[in-house]
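The structure appears below as structure tokens.
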Amino acid sequence: MAVIQVVEHERLMIADRPDPLVKSISPYQAEALERIQHTLPAKALEWGRDSVKFAQFCGSIAIGQDCIEILPKIYRREANYGICRDILIKMLYAAKWLQPHKCGSGAINLQKHRLLDVFVLQFCDELFLQLRQGMIKRYVRRSDNLPVLRGKLLIDQQLKINIAHKERVYCEYHELVSDNQPNRIIKYVLKVLLKSAHAGSVRKRLTELLYSFEAVQNRIFVKADVEKLVLDRSSNRFANIFEQCKWFLSGLSPDVFAGDNRSLVLLFDMNRLFEEFIARKLKTKAWQHGYKLRTQGPTKHLVLNEKSDEKAFLLKPDITLLDEQSEVRAVLDTKWKLLDAVDNKKNISQSDLYQMISYAVRYQCSDLHLLYPAHERFSETDKQSFSVPNTTLRITVHAIDLVKLTQSDDTECWKAIFTSVNRTSVSI
């Protein structure tokens, strides 16, 4: 399996005869990518003349026997794909999008494993953990001609079949079996992952797990089949397993190639991941400073229609800091895009500033913060502040160094935010 690695916003050339000095994919791979484009998030791909660029979404796209790995562009680490992958995985763990387990994942060298293999190992760890407590088993009703009584005797069948065979009894009984719908789904996902996994150690773990499901029938499933599953008390512990099954199956595109080859797409919206990552990292610090942190709220409407009294234009801030009286003391908005310290406007979108001013007016809050990832043209030292004339509104733009933040929760950015919040009054 060939693994092609790029960072977001980096172009891949499309060439029949690849240049070893230029990253490229073949026309065959490009055609496969184009076929699955309708299953990808909007604007995940940008086609150029004989090239393709990936933006905003990071993760893994397996097409047939090959895999394209899209990694976040990490400040000062852009050329080191192992560190970029490491930071992405740590962001996923911190945001609780991935759940690390003690049985194996702690030994994973994130910088050496392929991204898809890390996700597969995460799934294997969780599944091994649950299988140690036993497989999912369900009772099924059976009827059979047995040498001993089991369950209840079916008198009609006994008289028809065993009239001359007094040594046998025709019974109906319930049997606890592992060949059931939940286990069939897990087995199918394991087989899908076995075809996509890269490292030999990962394929070995998948094969070991498949041995546990040898008595389970082979079936083909889609995401909707997982959503229909009803778990009982005995199988509730597998809930996270089926969430991951749903995730893997939602990224499966069966129509890329002829035959049994499939495309497995696992992409993360970096806007959402960055927001959740910042919120998780900031939550403990907020509590230590006497504030409560809210995500995606509190919600309010921007305007009221005077004629119909209907509310319109819902406001839902990414992060808010509330005091003991539940008054909003600061509004923080995260943006996964690149700024430019040299530019007069710093490449900040006008709509982003309008949005922040709307928050200030509606929430009666004058302390506003925009958080962007640091990069070579906008680092921590380039922090900017904007004020709105004739008001107390102040919008501070921060650059977040993801390498530092994944290593420590105590950053200069947090200190600057809480210093600002503590000295700012609620009124604008």
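Residue numbers count from 1 along this sequence. Nothing here was measured: the structure is a model prediction, and the numbers come from that model.
Judged by distance alone, with hydrogens and angles left aside, the side-chain atoms of D117 form a donor-acceptor pair with the main-chain N or O of H198 at under 3.5 Å. A distance-only check finds no donor-acceptor pair linking the side chain of T299 to the backbone of K316 [under 3.5 Å]. Remark: side-chain polar atoms of K281 are paired, donor with acceptor, to backbone N or O of L405 under 3.5 angstrom. Counting only distance, with no hydrogens or angles, the side chain of S235 and the backbone of L231 share no donor-acceptor pair below 3.5 Å. The backbone N or O of Q217 sits less than 3.5 Å from a side-chain atom of D179, completing a donor-acceptor pair. Remark: side-chain polar atoms of R203 are paired, donor with acceptor, to backbone N or O of L194 under 3.5 angstrom. Of the possible polar contacts, one joining the Y363 side chain to the P298 backbone as a donor-acceptor pair under 3.5 Å is found. Formation of a donor-acceptor pair under 3.5 Å by the Q56 side chain with backbone atoms of K43 is not found in this model. With hydrogens and angles disregarded, no donor-acceptor distance shorter than 3.5 Å links the side chain of R205 to the backbone of L121. Within the 3.5 Å criterion, the main-chain N or O of W247 finds a donor-acceptor partner in the side chain of S250.
Residue M356 holds its CE atom at 4.5 Å from CG of L368, rounded to the nearest 0.5 Å. We find the NE2-NZ distance between H289 and K415 to be 9.5 Å, quoted to the nearest 0.5 Å. Expressed to the nearest 0.5 Å, how far CZ of R329 lies from CG of L321 amounts to 9.5 Å. Note that CD of Q5 is 10.0 Å distant from OG of S60, once rounded to the nearest 0.5 Å. Note: I83 CD1 to T406 OG1 = 10.0 Å, rounded to the nearest 0.5 Å. Annotation: the span from I68 atom CD1 to F54 atom CZ amounts to 4.5 Å, rounded to 0.5 Å.
No hydrogens or angles considered: nothing links the side chains of E34 and W47 as a donor-acceptor pair under 3.5 Å. Judged by distance alone, the side chains of Q296 and E275 do bring a donor and an acceptor atom under 3.5 Å apart.
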Should Y188 and L249 be marked as a side-chain contact (heavy atoms from CB on, under 4.5 Å) after you check the CA-CA gap, both sets of side-chain angles, and the distance that decides it?
CA-CA 10 Å; Y188 175 65; L249 293 180; 3.6 Å; yes
Audit row: F213, N183, side-chain contact (heavy atoms from CB on, under 4.5 Å) steps and yes/no
CA-CA 7 Å; F213 292 85; N183 286 336; 3.6 Å; yes
Starting from the C-alpha separation in whole Å, work towards a yes-or-no answer on side-chain contact (heavy atoms from CB on, under 4.5 Å) for I278 and H398.
CA-CA 12 Å; I278 292 296; H398 304 269; over 6 Å; no
Which is it for D225 and R184 under the salt bridge (charged side-chain N to carboxylate O under 4.0 Å, His left out) test, yes or no, and what are the steps along the way?
CA-CA 11 Å; D225 296 317; R184 291 169 193 162; over 6 Å; no
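Scored by the ring-ring contact (aromatic ring centres under 6.0 Å, His included) test, F248 finds F123 as partners (sequence neighbours excluded). Checked against side chain to side chain contact (heavy atoms under 4.5 Å, CB included), D309 has the following partners two or more places apart in sequence or in another chain: L304. In this view, S26 and Y28, Q29 satisfy the side chain to side chain contact (heavy atoms under 4.5 Å, CB included) rule, not counting sequence neighbours. Looking at residues two or more places apart in sequence or on another chain, you find a side chain to side chain contact (heavy atoms under 4.5 Å, CB included) between L302 and F313, L315, S358. The side chain to side chain contact (heavy atoms under 4.5 Å, CB included) test applied to Q288 returns T284, K285, not counting sequence neighbours. The ring-ring contact (aromatic ring centres under 6.0 Å, His included) test applied to F274 returns W336, not counting sequence neighbours.
Side chains of L115 and L266 form no contact here, defined as non-hydrogen atoms less than 4.5 Å apart. At least one side-chain heavy atom of I395 sits under 4.5 Å from a side-chain heavy atom of I357. Counting only heavy atoms from C-beta outward, the side chains of C58 and L71 never approach each other to under 4.5 Å.
Residue R272 places its CZ atom among 12 or fewer non-hydrogen atoms of other residues, nucleotides or ligands, all under 6.0 Å distant. The environment of NZ in K204 is sparse: at most 12 heavy-atom neighbours from other residues, nucleotides or ligands sit within 6.0 Å. For K300, the NZ atom is densely surrounded, since the number of other residues' heavy atoms within 6.0 Å is greater than 12. Counting non-hydrogen atoms of other residues, nucleotides and ligands closer than 6.0 Å to CD of E310 gives a total of 12 or fewer. Sparse packing is recorded around NZ of K137, with 12 or fewer heavy atoms of other residues, nucleotides or ligands lying under 6.0 Å away. Within 6.0 Å of NZ on K311 lie no more than 12 heavy atoms contributed by other residues, nucleotides or ligands.
The minimum heavy-atom distance between F277 and L402, with the atom names listed, is CE2-CD2, 3.7 Å. Shown here for R35 and E31, the closest heavy-atom pair between the two residues is NH2-OE2, 2.8 Å. For A95 against L273, the heavy-atom pair with the smallest separation is CB-CD1, 3.8 Å. In terms of heavy-atom proximity, A15 sits nearest to P27 at O-CD, 3.6 Å. Closest non-hydrogen pair, S196 versus L116, comes out as O-CD2, 3.4 Å.
Here D318 does not pair with K335 in a salt bridge; the nearest charged N to carboxylate O distance is not below 4.0 Å.
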